[in-house]
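None of the values given here were measured: they were computed from a predicted structure. Residues: numbered from 1 along the sequence shown.
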Amino acid sequence: MLALNHIASAVTEELEVQFPNLFDGLTITYFRGFELFGIPIYWYGVLIAVGVVLAYIYAHMRRNQFGIDGDRMFDVVFVALIGGFFGARLYYCIFAGGYDFITFFTDIRNGGLAIYGGLIGALLVGVVMCKLRKVKILAMFDIASIGFLIGQCMGRLGNFVNQECYGAATAPDYFLGMTGTIISSEVEAETLVHPCFLYESLWCLLGFALLHFYSKKLRSYDGEIFLLYCVWYGLGRFFIEGLRTDSLYIGETGIRVSQLVAAIAFFAGLVLFIAFKVITEKKQIPLWVNSEAWAAQQEEFKKLAEEKAAKKAAKEGKAKSILAEDADEVTLDDGESHEDEEDSDNGNEDDEIQAEDSSDDINDNESEE
């Protein structure tokens with residue numbers, strides 16, 4: 001309970017961020033989050049959720065251009081998100097140290113997610129799900145990588161709200177130099193720092209725009225956009241990570257983990273991008289969405305859908321026929337009852353006629369007498 005009260009007070013605490021050299025001094029005042037039914041909600045989490053939703057909407061709108069079925073893509077994305085979360089947490093805990101099995105899960109509200117771990121976890125789980133749901137892996141990687149940039153752009157804005165992931169001290173007159181309520185409590189007074197979260201957010205936004213237009217006009221093989229994502233994000237993250245003061249390190253080596261991963265992603269992505277470009281053009285390998293294999297898969301999916309619809313119709317038809325038989329039985333029973341009533345009525349009429357005849361006979365006899 002004490003922990004929850006502490007979190008709630010942090011959520012409702014008013015914070016400030018200042019850019020003294022921007023627009024003659026820019027100050028932004030805000031709350032770190034809000035309370036909903038007494039539960040503290042951080043803007044950081046909200047922004048990440050918004051990023052995920054926007055990324056999925058984008059992927060859903062463009063799925064046909066990559067030859068991916070919508071329902072199957074949803075299954076892959078849903079499970080990959082879970083894998084991404086655990087990957088992000090595991091990556092952070094391994095390199096941050098000081099976490100055991102229990103705190104791995106219970107200390108999540110105090111932070112501890114790493115984007116590279118999230119990407120690795122999502123990709124690994126995504127491969128498995130693509131296999132299970134018959135989704136082309138490289139085509140899925142292409143469309144997912146553009147969505148990654150949307151999510152990362154929004155996620156870094158969440159770092160801005162928390163005043164974290166900032167960089168080293170910068171020149172006092174640097175136009176983007178910043179400070180804030182939390183930052184000023186962690187660095188020397190009146191020190192301005194690099195807004196690394198802003199750098200990365202803008203870098204991801206620019207990368208999204210470039211890969212979006214490239215994928216519409218120039219994509220020539222499956223996996224190409226994913227490799228370009230590795231090149232683009234790796235290049236930007238390598239330099240931005242070098243400015244940060246909260247990096248994760250490999251033991252006592254002084255090597256920043258994310259900077260090393262960024263360098264590997266950049267060079268590996270660049271080499272593979274060029275190699276597959278040459279191979280594809282030489283062998284004239286079509287995109288998945290333009291291949292005969294894709295057309296055959298669509299026929300298979302169509303056949304499965306028709307069989308499913310037929311089974312459903314047969315099941316509904318059987319249920320309707322049972323109801324119809326019941327209705328006939330009810331109608332038959334009603335008919336019999338009506339016939340009985342008619343017979344009863346006819347019997348009554350006959351009795352009345354016989355009574356009248358008897359009465360006439362009596363009257364005749366009386367008149368004769």
Side-chain angles (χ1 to χ4, degrees), residues 54-77 80 84 116 119-120 122-153 202-238 261-302:
L54 291 177
Y56 178 76
I57 291 174
Y58 174 84
H60 185 76
M61 292 174 62
R62 296 202 57 200
R63 68 190 187 283
N64 292 333
Q65 299 175 35
F66 291 82
I68 300 175
D69 178 75
D71 292 337
R72 296 169 188 272
M73 183 185 73
F74 176 83
D75 295 341
V76 174
V77 171
Y116 271 125
L119 294 174
I120 294 171
L123 292 175
L124 291 177
V125 175
V127 168
V128 176
M129 280 303 297
C130 283
K131 286 288 188 181
L132 294 176
R133 297 295 286 139
K134 296 183 179 180
V135 175
K136 184 68 173 179
I137 295 175
L138 294 180
M140 187 67 205
F141 276 20
D142 278 345
I143 195 170
S145 59
I146 306 178
F148 286 159
L149 291 171
I150 299 175
Q152 288 171 270
C153 177
L202 294 175
W203 184 257
C204 290
L205 180 61
L206 178 59
F208 162 74
L210 293 175
L211 292 188
H212 168 75
F213 290 109
Y214 187 96
S215 66
K216 292 176 71 72
K217 303 292 183 180
L218 302 173
R219 187 171 75 103
S220 59
Y221 63 90
D222 297 300
E224 183 177 10
I225 304 302
F226 173 70
L227 292 175
L228 286 176
Y229 163 79
C230 293
V231 171
W232 180 264
Y233 184 68
L235 177 63
R237 183 61 185 269
F238 179 83
V261 174
I264 294 173
F266 172 78
F267 287 109
L270 184 60
V271 171
L272 292 175
F273 167 75
I274 297 173
F276 285 121
K277 194 79 168 177
V278 173
I279 294 172
T280 301
E281 292 180 357
K282 184 176 180 180
K283 295 186 177 182
Q284 296 183 345
I285 302 174
L287 288 167
W288 163 248
V289 71
N290 298 327
S291 66
E292 294 180 359
W294 176 82
Q297 187 189 69
Q298 297 309 297
E299 288 297 325
E300 179 186 353
F301 290 167
K302 182 179 179 181

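- Minimum heavy-atom separation, Leu235 to Phe266: CB-CD1, 3.8 Å.
- Residue Leu54 comes nearest to Ile150 through the heavy atom pair CB-CG2, 3.8 Å, listed as atom of the first residue, atom of the second, then distance.
- Taking CG of Leu211 as the reference point, atom SG of Cys204 lies at 10.5 Å (rounded to 0.5 Å).
- Interatomic distance, CG of Asp142 versus OH of Tyr229, reported as 13.0 Å (0.5 Å rounding).
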side-chain contact (heavy atoms from CB on, under 4.5 Å) evaluation trace for Arg219 with Gln65: CA-CA 11 Å; Arg219 187 171 75 103; Gln65 299 175 35; 5.9 Å; no
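- Atom-to-atom distance recorded for Met140:CE and Arg72:CZ is 13.0 Å, nearest 0.5 angstrom.
- Counting all heavy atoms, side chain and backbone alike, Phe66 lies closest to Ser215 at CZ-CB, 4.2 Å.
- Here the straight-line distance linking atom CD1 of Ile68 with atom CZ of Arg62 works out to 10.5 Å at 0.5 Å rounding.
- Between Phe267 and Phe238, the ring centre distance reaches or exceeds 6.0 Å.
- Side-chain polar atoms of Tyr233 and Gln152 form a donor-acceptor pair below 3.5 angstrom.
- To the nearest 0.5 Å, atoms CZ (Phe148) and SG (Cys153) are separated by 15.0 Å.
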message: Please determine whether side-chain contact (heavy atoms from CB on, under 4.5 Å) holds for the pair Arg237 and Tyr116, giving the CA-CA distance in whole Å, both sets of side-chain angles, and the decisive distance to 0.1 Å.
response: CA-CA 10 Å; Arg237 183 61 185 269; Tyr116 271 125; 3.8 Å; yes
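- Although no hydrogens or angles enter the test, the distance criterion places a donor-acceptor pair under 3.5 Å between the side chain of Trp288 and the main chain of Gly67.
- Qualifying salt bridge (charged side-chain N to carboxylate O under 4.0 Å, His left out) partners for Lys131, counting only residues two or more places apart in sequence or in other chains: none.
- Two rings, from His212 and Tyr58, have their centers less than 6.0 Å apart.
- Between the side chain of Arg133 and the backbone N or O of Cys130 there is no donor-acceptor pair closer than 3.5 Å.
- Note that the CH2 atom of Trp232 and the CG atom of Leu149 stand 9.5 Å from one another [nearest 0.5 Å].
- Summarising the geometry of Ile146 relative to Ile225, their closest heavy-atom pair is CG1-CG2, 3.7 Å, with the distance given to 0.1 Å.
- When all heavy atoms of Pro286 and Asp222 are compared, the pair lying nearest together is O-OD2, 4.4 Å.
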message: For a side-chain contact (heavy atoms from CB on, under 4.5 Å) check, start with the C-alpha distance between Ile285 and Tyr221, then their side-chain angles and the critical distance, and finish with the verdict.
response: CA-CA 7 Å; Ile285 302 174; Tyr221 63 90; over 6 Å; no
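- Checking side-chain atoms of Gln297 against main-chain N and O of Ala293 turns up no donor-acceptor pair under 3.5 Å.
- Residues Lys277 and Ser220 approach most closely at NZ-OG, 2.9 Å, considering heavy atoms.
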message: Quick one, Val76 with Met73, criterion side-chain contact (heavy atoms from CB on, under 4.5 Å). Give me CA distance, side-chain angles, the key distance, then yes/no.
response: CA-CA 5 Å; Val76 174; Met73 183 185 73; 5.6 Å; no
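- Between Phe74 and Tyr56, the ring-plane angle classifies as perpendicular under the 30° and 60° cut-offs.
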